[in-house]
Amino acid sequence: MEHTFYLVDVFAEGRYSGNQLAVFRNASLLSVEDMRHLAREVHFSETAFVLSDEPRDGGFDLRVFTPLEEIPFSGHAVLGAAWVLQRELIHRPVDSIRFNLGAGSVQADLVYRYGGIDTVWVNHLPPQFLACPSLDAVAAAIGLDVSEIDTRWPVQEVSTGLRFAMVPLRSLSSVGRARVVADSLSALTASTAIRALYLFASETYDAGNDFHARMFAPSFGIPEDPATGAGAGCLVAYALRYLHPDRDALDARIEQGYEVRRPSILFARGARSDGGLRITVGGRVMMAAQGHFV
């Protein structure tokens, strides 16, 4: 059976920027091992497999793999898959597309402009605020001095479908100089549940943006991510809880990927709702290439 796949740039302000994604359609006949192999061959941060062109229980079944393993949620993969399905399968404007993932069911909302898709948004699962690791251990893992961590707020794991250790840094320079120190990161992951580090500062390259971010997750096979939708969701939830506890809502523009020469812009929204937080993350998607495999 012939399968169609698409290479798209997600969170991209221009062609060949943003975070690349491979989206495979009609993937139900592929074994899990096939999906693992294809994700390793593509070697983007994530690869999305839409199992069928027919929705099930109101949503399309979607599995997401990094180069090393399957993960339960990825905002980047949901946005790219929704964009592909509307353009290549549905062929008419639809307001939303629902996906069934390992973490649960999520909805992607599509916004149109000039007859085409302008942005795609995905709702995140309710945020969870988890453990706070040692500052010394985190600083050692990213090759910085503890003094460069902004201790006005905690280093804390947050999840809106996928867990990230949120690390507030004092300056853009500190974010830019951060690097993975393999032995120290291995020690951190061995003593905690942390597998992904999301670093951010309020100082930005572009004055129109609110945060500059970097993400390291070598244990997922992602040395550094050009854009991280799930991480952006965690950041806006974290910002509403700690940076702006007096606000009812927050709209943020997050720049990422500058250090790996794939500049990305992520739009993130958070709002207080029924005693909790409602989180959505959006961005633009562009086609890079498409093809077929047997």
Side-chain angles (χ1 to χ4, degrees), residues 9-13 17-21 44-46 48 64 66 71-83 101 103 106-109 111 119-129 153 156-169 172 175 196-206 208-217 220 222 224-244 247 249-260 262-271 277-285:
D9 296 326
V10 185
F11 304 117
E13 293 295 291
S17 66
N19 196 353
Q20 291 175 307
L21 176 76
F44 297 155
S45 60
E46 289 107 23
V64 183
T66 73
I71 57 175
F73 175 72
S74 162
H76 159 232
V78 170
L79 266 61
W83 190 89
L101 294 100
V106 300
Q107 178 174 300
D109 296 321
V111 179
T119 53
V120 187
W121 293 80
V122 58
N123 68 292
H124 285 219
L125 299 176
Q128 296 177 303
F129 294 87
W153 308 294
Q156 184 173 25
E157 270 206 293
V158 182
S159 174
T160 60
L162 195 63
R163 295 169 65 157
F164 294 88
M166 311 304 293
V167 185
L169 297 179
L172 182 63
V175 179
L197 296 168
Y198 191 94
L199 288 53
F200 70 92
S202 297
E203 186 181 2
T204 58
Y205 285 114
D206 186 333
N209 299 328
D210 300 289
F211 297 102
H212 183 79
R214 296 179 74 183
M215 193 280 274
F216 303 124
F220 285 131
I222 306 171
E224 180 167 358
D225 210 9
T228 314
C234 293
L235 175 55
V236 77
Y238 179 100
L240 273 173
R241 180 160 181 168
Y242 294 116
L243 280 66
H244 304 292
R247 293 191 188 180
L250 178 65
D251 282 5
R253 287 173 57 96
I254 301 167
E255 59 182 39
Q256 190 178 336
Y258 286 54
E259 290 80 7
V260 291
R262 289 197 63 90
S264 305
I265 302 295
L266 303 95
F267 312 131
R269 294 173 177 165
L277 296 175
R278 185 175 68 253
I279 306 298
T280 56
V281 171
R284 296 189 172 92
V285 184

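Start at 1 with the first residue, then count along the sequence.
In this pair, Tyr205 and Tyr258 present their aromatic rings parallel. The plane angle is below 30°, not in the 30 to 60° band.
Here CG of Asn209 is found 12.5 Å from CD of Glu203. Values are rounded to the nearest 0.5 Å. In this structure, the separation between CZ on Arg253 and CG on Leu266 is 10.0 Å, given to the nearest 0.5 Å. Within the model, atoms NE2 of His212 and CG of Leu172 stand 5.5 Å from one another, a figure rounded to the nearest 0.5 Å. The CG atom of Leu243 sits 11.0 Å away from the CG atom of Asp210 when rounded to the nearest 0.5 Å. Distance check: Gln256 CD to Phe200 CZ gives 12.5 Å after rounding to the nearest 0.5 Å. Rounded to the nearest 0.5 Å, atoms CG (Leu162) and NE2 (His76) are 13.0 Å apart.
Inter-residue side-chain proximity for Leu235 and Phe164 is flagged as unmet; no heavy-atom pair is nearer than 4.5 Å. The side-chain heavy atoms of Val78 and Leu101, taken from C-beta on, include a pair separated by under 4.5 Å.
For the side chain to side chain contact (heavy atoms under 4.5 Å, CB included) test, residues two or more places apart in sequence or in another chain that qualify with Ala271 are Ala249, Arg278. By the salt bridge (charged side-chain N to carboxylate O under 4.0 Å, His left out) test, Asp225 pairs with no residue at all, sequence neighbours left out.
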Criterion side chain to side chain contact (heavy atoms under 4.5 Å, CB included) on Tyr242 and Gln156, from CA distance to verdict: CA-CA 11 Å; Tyr242 294 116; Gln156 184 173 25; 2.6 Å; yes

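Ring centers of Tyr238 and Tyr198: at least 6.0 Å apart, outside the cut-off.
Residues Ile254 and Ala232 come closest through the heavy atom pair CD1-CB, 3.7 Å.
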